[in-house]
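The structure under discussion appears below in the form of structure tokens.
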Amino acid sequence: MGKALEEIRWNIKKEKEIRDEWFNSKIYEFNPNSPNIFVIDTPPPYPSGKPWHIGAAAHYSEIDMIARTARMLGFSVLFPIGMDRNGIGVERYAEKRFKISIHTIAREEFLKCCKQALDELEAEMIEIMKMLGISGDFDKYYQTDSEEYRKLTQATFIDLWKRGLIYFDTRPNNYCPVCKTTIADAELEYEEIKTKLVYIKFKVENNKELVIATTRPELLCACQAVLVNPNDERYKDLVGMKVKIPIYEREVPIMSHPIVKIEFGTGAEMVCSYGDYNDVMLFRELMLKEIIAIDLDGRMTEVAGRYAGLKVEEARERIIEDLKKEGYVVKIEEVIHNVPTCDRSHNPIEIIPMQEIYLKQLPFKEKMLEIAKELEFLPEFHRQLLINWINSITKDWPISRRRYYATEIPIWYCKKCLEPHVPEPGKYYKPWKEKAPFSACKKCGNKEFIGEERTFDTWFDSSITPLFITKYKADEKFFEKTFPVSIRPQGKDIVRTWLYYTLLRCYQLTGKNVFKRAWISGYCVDEKGEKMSKSKGNVIDPIPVIERYGADAFRFWAASESSLGYDFRASEKRFQNASLFITKLWNIARYISQFEVISNFDESKLLPADKWILSELKKVYEKCLNGYNQFNFFIPANEMREFLWNKFAAHYIEMVKKRAYGDGFTLEEKRAAIYTLHKVMKISLKLLAPIIPYITEYIWKTLYSEKSIHTEKWDDKIEIEDLTTLTDKILEFNSLVWRQKKEKGLSLKDSIKIEIPVELRIFEKDLKSMHNIL
RNA sequence: GGGUCCGUAGUCUAACGGUUAGGACGCCGCCCUUACAAGGCGGAGGAGGCGGUUCGACUCCGCCCGGACCCACCA
């Protein structure tokens, strides 16, 4: 403290020492007994590949800014770090990483591989978080695949089971033949895919021909009816007749239904089980008998005749060839089709009826809408994403998955009567390899059981993170103090999954809204505004960026590039820009550090220029706090950059340089300048501390205090006469003098004759010495 | 097809319905000026379109166009 800054620029190698000191001195430790508690439900990142998305790194930097902001506002902050380690993503990664297949390797072996893959990926993510200066608790970070976490997941299931919110049902479901599991609507991703719309001739019983357009000719074998619109004059007299399905020669009825659009295709549609959810709905409504044409491997079943055993796409190509050969095809059009695909494998899903386990969500729609309306959203406009999703829910949530690396569903079935038995909570159960904890079936008395082999949907685990971190059912006192959670930060892309499921699950379990506010950020896109993806080759690895520019520059980029909730761009140029500000800040501090800190000074002795910059600072202070109160770091980042760079450094420092050196001024005047320089510096550091924690800490400790800046609060008082109305005048006048000197070929040191405007007369002495005005 | 958000220079953005629309990065030209050439000075470059309200519109309203995202049964 009290030392001058020597080095010509900020050395990012210092970041590590500073970080070690933070963790050694435990300045971020959470105190559950504090009267002001702030709890962050940090998104546990999902390790699913390398490198970690630079947008995720930026996102975590901002979440850290939330934590640091809350501390500076006077809260004790619970900022846990977690890892979401269950589900399909890591299984697919492990399959590639170790060149194995979930379908051929033993379950136990497969789990080991997944765990190893997770540990590798996780190590890199934790390393990045630490580099970034994340002030969360790394000593006890949690993992959703830990025994403790899975125990809680299972306990919540058991609770819901006992309350009758869980049921079994066999119904057509989204099924991914690649992942070989049922998936929920929330896991669907629609992709535009080019498909062939094939026009096929059907023979009607009156020997006329009826042409039908379809994108799924391979499902001809599962066709049970042909539909036309009741108002379609062309087909009116055909309704009620039978048509023969090409190739299969089976007869199905022609029926009418208003859902059929007269203009699309030929106005006639075939209904197959199951091409899409339209078919599902029609089968139910028209009481048609389903024909299962696709099996769990995504291959055609025996009903497909000569196409049996072929994959769906192969069968489609083959049947089109055969139809052409046999003269059934009228024409083929290429259409772009929005196809539902699996969000993990990106393979088109099939609709296959299977028995799955469901969690009731339809009865909670009203309540969820209420919660969606009362929850505070930052920014407000993202509330609509949640409301839209809730309104669009039409089915309960299928929570069972035919996967391995996930939390086991704790059910055993009686081997004789198949009655399901659910154990008592408090233990982590693995029914696929453990003996049932029951002596006899409660229904038939049989003594043998079969363990459930399926696991939960990942979202069933990750939707209780706020309960896990507040020690729900584990530490009642702690839970009471920390629940509900102050803030849920997350990206806008997972509003329909993570946010919705968390609100639903926590409401079902606690009867309450779990969050005070939701903080929703936009996507990080590339320099052209396009989504980053490995296939496009525009992915940026965050590690080299942080190594080259430092964590502060990285964080300043994340904070200053776009306002809360909007998408923001990443590029080399942008990182450079951010690092320029870090350098500027360093140089300002370096200049000021040559003067001894004056802590006590009678502010009535300040000169007008000092009062002017302090009143500018006062204004900026209010704006920054306003931004911080909304956890919108874009505001303080840009306000501070503008203030420090374009007002404080460019004008105030230049105005008082001579005075600070004591060149032609009294000692008191000199001291006034130095006092002001330090006061502005000190407060500016505090205003930047949550965004750029390393450099602010270093300057702070070098100049002002032995204690960390991150233990400070924003309680500064700036009471000063407002002179900000003169700001534009000052800037204009200085520019004018600089321009004139340049035009006259004068050096800045040379004297000049120029009149100081009346309203700036109060600054006359500083202005004269600054510009050497005669 | 429906919904949400958004449209200010190449990029990021600022401005109670009243300013020659401000700044930053980038670009061009000129300058070492003792915190900083990682600096300074100067310059070129902008409201998606059409209407309406108004004395006055970047700002309010409507329509159109464009973009992003979400939802949906166009076979």
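Reckoned from all heavy atoms, side chains included, excluding hydrogens, waters and symmetry mates. Fair warning: this is a prediction, and the values are worked out from it, not measured in the lab. Below, read A as the first sequence line, B as the second, and so on, with proteins coming before strands; counting in each chain starts at 1.
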Quick check: any donor-acceptor pair below 3.5 Å linking the side-chain of A/Lys492 to the base of B/C69?
no

Would you mind classifying the nucleic acid contact of A/Val495 as base, sugar-phosphate or nothing, using non-hydrogen atoms under 4.0 angstrom?
nothing

Counting only side-chain heavy atoms from C-beta out, which of B/A35, B/C25, B/U4 sits nearest to A/Asn577?
B/C25

Mind checking A/Lys657 for me? I need base, sugar-phosphate or nothing, with any heavy atom below 4.0 Å counting as a touch.
base

From CD of A/Glu642 over to C1' of B/C25, roughly how many Å is that when rounded to an integer?
13 Å

Have a look at A/Ala589 and say if it touches a base, only the backbone sugar-phosphate, or nothing, with a 4.0 Å heavy-atom cut-off.
nothing

Heavy atoms under 4.0 Å, any strand shown: does A/Asn646 hit a base, just sugar-phosphate, or nothing?
sugar-phosphate

What is the separation between atom NZ on A/Lys395 and atom C1' on B/C73, rounded to the nearest whole Å?
11 Å

If we take the P atom in both B/C65 and B/C74, what is their distance in whole Å?
22 Å

When all nucleic acid strands are considered with a 4.0 Å heavy-atom cut-off, which category describes A/Gly267: base, sugar-phosphate, or nothing?
base

side-chain hydrogen bond (donor to acceptor under 3.5 Å, both in side chains) between A/Ser521 and A/Glu62, intermediate numbers included
CA-CA 9 Å; A/Ser521 69; A/Glu62 289 204 280; 5.3 Å; no

Under 4.0 Å, counting only non-hydrogen atoms across every strand here, what does A/Glu654 touch: a base, just sugar-phosphate, or nothing?
base

Just to be sure I understand the rule, does A/Tyr661 reach a base, reach only the sugar-phosphate, or reach nothing, if contact means heavy atoms closer than 4.0 Å?
sugar-phosphate

Just the rounded figure in Å: distance from P of B/C36 to NE2 of A/His651.
19 Å

